[in-house]
Amino acid sequence: MKKQHLDKIISLCKRKGFVFPNSEIYGGLKASYDYGPLGVELKKSISELWWKEMTQSHQNIVGLDSAIMVHPDVWDASGHIANFNDPMTDNKDNKKRYRIDDLLSQQKSKVIDAICIALKIDSTNNDDIYSDIAHTLLSDGSKSDSVLEEAGVIDPFSGSIGKWTPAVQFNLMFKTDAGPSEKTGKHIYLRPETAQGIFINYLLVQNTMRLKVPFGIAQIGKAFRNEIVARNFIFRTREFEQMEMQYFVHPSKDVESMELWKEKRLDFYLNHLGINSENLKFHQHSKDALAHYAKDAYDIEYNFPFGWGEVEGIHNRTDFDLKQHENLSGKNMTYFDTKAQEKYHPFIIETSTGLNRLFLMVLCEAYFEDTENNRVVLQLPYELAPIKAVICPLVKKDGLPEKAMSVFKTLNQEFSCIYDEQGSIGKRYYRQDEAGTPFGITLDHQTLEDNSVTIRERDSMKQTRIPIDKISTFIQDNK
RNA sequence: GCGAGUGUAGCUCAGCUGGUAGAGCAUCAGCCUUCCAAGCUGAGGGUCGCGCGUUCGAAUCGCGUCACUCGCUCCA
């Protein structure tokens with residue numbers, strides 16, 4: 001049943017103003033979406049919850065907002081330039097695409113030798129021979145296709161020699177040029193992760209805030225990845241928002257800290273975002289699937305309509321990044337513990353989550369078809385609901401609209417409300433059920449006599465009669 | 001990336017074998033007044049994703065392209 005929900009959620013998102021396809025009047029842009037009036041509220045609520053949980057709730061975690069564009073050497077140090085500029089080739093016969101270095105590693109040595117001779121590469125004592133060939137092919141673009149084919153490079157899928165296209169580079173990072181002309185300017189990349197902004201600033205942050213290890217730096221911001229495949233609605237987009245907290249610990253405490261954060265982060269999903277534990281699980285990366293920087297890595301996965309998908313990564317990044325930056329920048333990146341008189345590179349435990357994925361997860365979790373009452377309800381936790389209450393006059397006459405409007409104006413100071421007098425009262429409730437509004441407040445003729453209203457709860461549809469001045473208290477108690 | 005499918009009003013969809021578009025819901029205005037949608041009247045809104053082609057004539061056929069969904073694949 002759950003498997004069929006994504007279409008319904010996409011439709012609801014558009015209908016109610018959560019998410020719109022971007023550039024729709026021009027036919028759309030792949031994997032690009034806009035957040036509508038309700039969507040922006042929901043997204044903001046999720047990130048605010050996260051921020052509060054990850055900064056304010058801890059004495060030793062502070063925030064940061066670093067730049068999207070940074071010195072290009074940062075990406076050299078991080079490994080993004082080296083690791084994600086892999087030359088690729090396609091087999092024209094079956095349209096399979098391969099990373100050339102991967103492809104070569106599966107070939108017999110005489111094939112490799114033939115290529116080396118053709119390209120005049122010295123293959124002796126060369127550990128990076130596959131990568132070297134790949135990059136040579138790329139720089140010699142035009143002849144790369146014939147070289148691979150003539151050497152007899154076999155397509156592992158078909159088992160026969162492929163008809164290879166010239167080497168092509170797919171850049172993970174979006175590149176642009178800073179400066180007035182392409183020639184004089186530097187290549188600038190849009191950050192593919194927010195983490196590096198934290199690493200390069202960590203000593204300044206530590207110093208200005210007088211922090212002692214262990215401490216954390218949290219950041220929310222956009223990152224950009226030129227994904228080849230982008231799918232599943234807003235699950236994987238080229239432009240996305242990360243919420244990361246990098247926790248700096250003593251190298252001997254990494255395992256312990258990892259366990260701590262795994263627990264804390266899972267709790268966030270269960271107790272703050274209202275996710276059912278059945279729909280969450282940890283997935284540990286296997287050794288060979290680990291990122292170039294990581295020692296150990298867990299994902300928190302959610303059971304989306306399209307299957308289990310990663311919503312958060314909790315990784316032990318070790319001291320890889322800090323040492324890399326130290327090597328490349330020449331600046332000392334060590335932390336000095338004055339009490340222990342010890343100087344070291346802290347290990348970094350990263351909790352990195354995708355805000356857009358949490359958004360989708362929250363919607364999937366909240367979406368409920370109440371067949372008994374023939375309605376669709378978004379059972380969002382109160383804190384996440386874009387609109388907290390709808391204020392309705394029972395009928396559009398006898399001074400009820402005026403009275404309701406004044407109640408609306410008062411309550412709207414306190415929390416986000418909406419006023420609605422259009423259509424039957426049931427219809428108005430149902431409209432808000434779909435938007436996830438937890439409370440409906442209705443004024444009727446009795447209100448004019450004793451200042452009481454009916455308050456109706458979204459999930460249970462239960463109605464209670466209370467005085468106007470108790471609305472706020474009631475909501476606080478029942479949210 | 002490969003394979004399959006879809007693309008007609010804001011949403012869900014109908015338009016069979018080619019003759020320039022309909023419904024329900026939604027929206028808006030008016031009536032009704034009723035605490036759990038779908039009562040009455042009326043209105044706005046689409047050159048049928050986009051382009052090219054075939055044809056006297058295309059939403060309907062062909063090709064291309066863009067976008068989305070599903071299955072594999074991939075995902076630092």
Side-chain angles (χ1 to χ4, degrees), chain A residues 3-17 20-33 36 75 78-86 88-91 93-99 102 157 165 168 170 172-173 192-193 195 223 225-233 235-236 285 289-294 297 299 305-307 309-310 313 315 317 352 370 372-377 392-398 400 421-434 440-447 453-458 460-465:
Chain A
K3 291 282 176 196
Q4 296 163 357
H5 278 179
L6 194 58
D7 274 335
K8 290 181 177 176
I9 283 166
I10 293 170
S11 159
L12 177 106
C13 278
K14 196 169 174 192
R15 205 166 64 232
K16 303 302 284 189
F20 305 128
N22 172 266
S23 308
E24 205 188 13
I25 63 168
Y26 290 105
L29 178 66
K30 193 172 201 162
S32 192
Y33 294 90
W75 306 118
S78 70
H80 284 83
I81 287 175
N83 283 310
F84 303 110
N85 285 324
D86 307 307
M88 315 278 278
T89 184
D90 290 357
N91 184 351
D93 284 336
N94 59 9
K95 304 282 167 62
K96 288 275 173 194
R97 173 169 294 167
Y98 297 94
R99 262 174 63 171
D102 274 356
F157 184 79
T165 61
V168 185
F170 289 87
L172 171 96
M173 291 191 286
E193 65 176 16
R225 293 178 193 177
N226 205 351
E227 303 280 1
I228 297 170
V229 283
R231 262 216 284 195
N232 295 120
F233 194 37
F235 183 79
R236 174 173 285 127
H285 289 210
L290 283 176
H292 61 277
Y293 54 73
D299 291 341
F306 46 82
E310 177 190 351
H315 297 185
R317 295 187 73 130
S352 172
D370 182 357
E372 199 176 320
N373 295 296
N374 202 12
R375 60 176 188 153
V376 169
V377 196
C392 308
L394 183 62
V395 294
K396 229 191 299 188
K397 61 177 187 183
D398 303 332
L400 288 178
E421 59 175 32
Q422 191 67 245
S424 75
I425 191 65
K427 185 179 265 188
R428 283 176 270 170
Y429 287 156
Y430 278 35
R431 249 199 298 259
Q432 292 307 315
D433 287 343
E434 254 195 337
I441 293 156
T442 299
L443 291 79
D444 57 14
H445 290 93
Q446 193 185 327
T447 309
V453 297
T454 305
I455 186 159
R456 178 251 194 198
E457 294 170 61
R458 177 194 65 203
S460 65
M461 299 171 78
K462 194 176 93 185
Q463 300 201 7
T464 315
R465 186 125 204 140

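Everything quoted here is computed from the prediction, not taken from an experiment.
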A/E193: partners by salt bridge (Lys or Arg N to Asp or Glu O under 4.0 Å), with sequence neighbours left out: A/R317
C1' spacing across the pair B/rU20 / B/rU33, given as an integer number of angstrom: 45 Å
Spacing of A/D7 atom CG relative to B/rC70 atom P, expressed in whole Å: 7 Å
Residues forming a salt bridge (Lys or Arg N to Asp or Glu O under 4.0 Å) with A/E24, sequence neighbours excluded: A/K14
CD on A/Q422 to NZ on A/K396, rounded to 0.5 Å: 4.5 Å
Pair partner, B/rC35 [Watson-Crick or wobble, under 3.5 Å]: none
Distance, rounded to the nearest Å, where A/N232 contributes CG and B/rC74 contributes C1': 13 Å
Side-chain donor/acceptor contact of A/S11 with base of B/rC11 under 3.5 Å: no
Mate of B/rC70 where both pairing distances stay under 3.5 Å, Watson-Crick or G-U: B/rG3
Given A/V376, A/N373, A/D370, A/I425, the one that forms side chain to side chain contact (heavy atoms under 4.5 Å, CB included) with A/Y430: A/N373
Complement of B/rG64, any strand, by Watson-Crick or G-U distances under 3.5 angstrom: B/rC50
Watson-Crick or G-U counterpart of B/rA29, or none if no pair lies under 3.5 Å: B/rU41
Atom P, compared across B/rA26 and B/rG10: separation rounded to whole Å: 16 Å
Touch class at under 4.0 angstrom, heavy-atom based, for A/F20 against every strand present: nothing
Between C1' of B/rC50 and CD of A/E24, the distance in whole Å: 13 Å
Nucleotide B/rC13, atom P - distance to NZ of A/K8 in whole Å: 10 Å
Atom pair distance, as rounded to whole Å: CG in A/L12 and C1' in B/rG10: 13 Å
Distance, P atom - from B/rG1 to B/rU65, rounded to whole angstrom: 11 Å
Candidate pair A/D444 and A/R465, rule side-chain contact (heavy atoms from CB on, under 4.5 Å), full reasoning: CA-CA 11 Å; A/D444 57 14; A/R465 186 125 204 140; 2.8 Å; yes
Close side-chain approach of A/R456 to A/T442, heavy-atom, < 4.5 Å: no
Interatomic distance where NZ belongs to A/K14 and P belongs to B/rC68 [whole Å]: 12 Å
Base partner of B/rA23, which must satisfy Watson-Crick or wobble distances under 3.5 Å: B/rU12
Rounded C1' spacing from B/rC11 to B/rC31 in Å: 27 Å
Side chain to side chain, A/Q446 and A/L394, heavy atoms closer than 4.5 Å: no
Contact check, side chains of A/K462 and A/I455, non-hydrogen atoms, under 4.5 Å: no
Given RNA chain B, 5'-ward residue of the pair A/R225 and A/N373, judged by closest heavy atom: A/N373
Sugar-phosphate only, base, or nothing, as touched by A/A297 at under 4.0 Å among non-hydrogen atoms: nothing
Candidate list A/R428, A/R458, A/R15, A/R375, test salt bridge (Lys or Arg N to Asp or Glu O under 4.0 Å), partner A/E434, passing option: A/R15
Nearest-Å distance once atom P is located in both B/rC68 and B/rU12: 15 Å
A/K427 side-chain N/O to B/rA26 phosphate OP1/OP2 under 4.0 Å: yes
Under 3.5 Å on both distances, the Watson-Crick or G-U partner of B/rU55: none
Nearest to side-chain heavy atoms of A/Q463, which nucleotide of B/rU69, B/rA76, B/rC36: B/rC36
Nucleotides 28-34 of chain B: which of its N/O atoms have a protein N/O under 3.5 Å away?
| residue | atom | partner | partner atom | Å |
| --- | --- | --- | --- | --- |
| B/rA29 | OP2 | A/Q422 | NE2 | 3.2 |

Minimum side-chain heavy-atom gap A/F233-A/F306 below 4.5 Å: no
Closest nucleotide among B/rA76, B/rC68, B/rU69 to the A/L6 side chain: B/rU69
Protein-nucleotide distance (A/R15, atom CZ; B/rC25, atom C1'), rounded to Å: 10 Å
Any donor-acceptor N/O pair under 3.5 Å between B/rC36 base and A/R456 side chain: yes
First encountered from the 5' end of RNA chain B, between A/P192 and A/G28: A/G28
Same-atom distance (P) from B/rA23 to B/rG15, integer angstrom: 15 Å
Whole-angstrom distance between B/rU27 and B/rU17, as gauged at atom C1': 37 Å
Residue A/K30, side-chain heavy atoms: nucleotide from B/rC68, B/rC11, B/rC35 that is nearest: B/rC68
Separation of the C1' atoms in B/rC48 and B/rG18, to the nearest angstrom: 14 Å
N/O donor-acceptor pair, side chain A/Y26 with base B/rC50, under 3.5 angstrom: no
Separation of B/rA67 C1' from A/F233 CZ (nearest whole Å): 13 Å
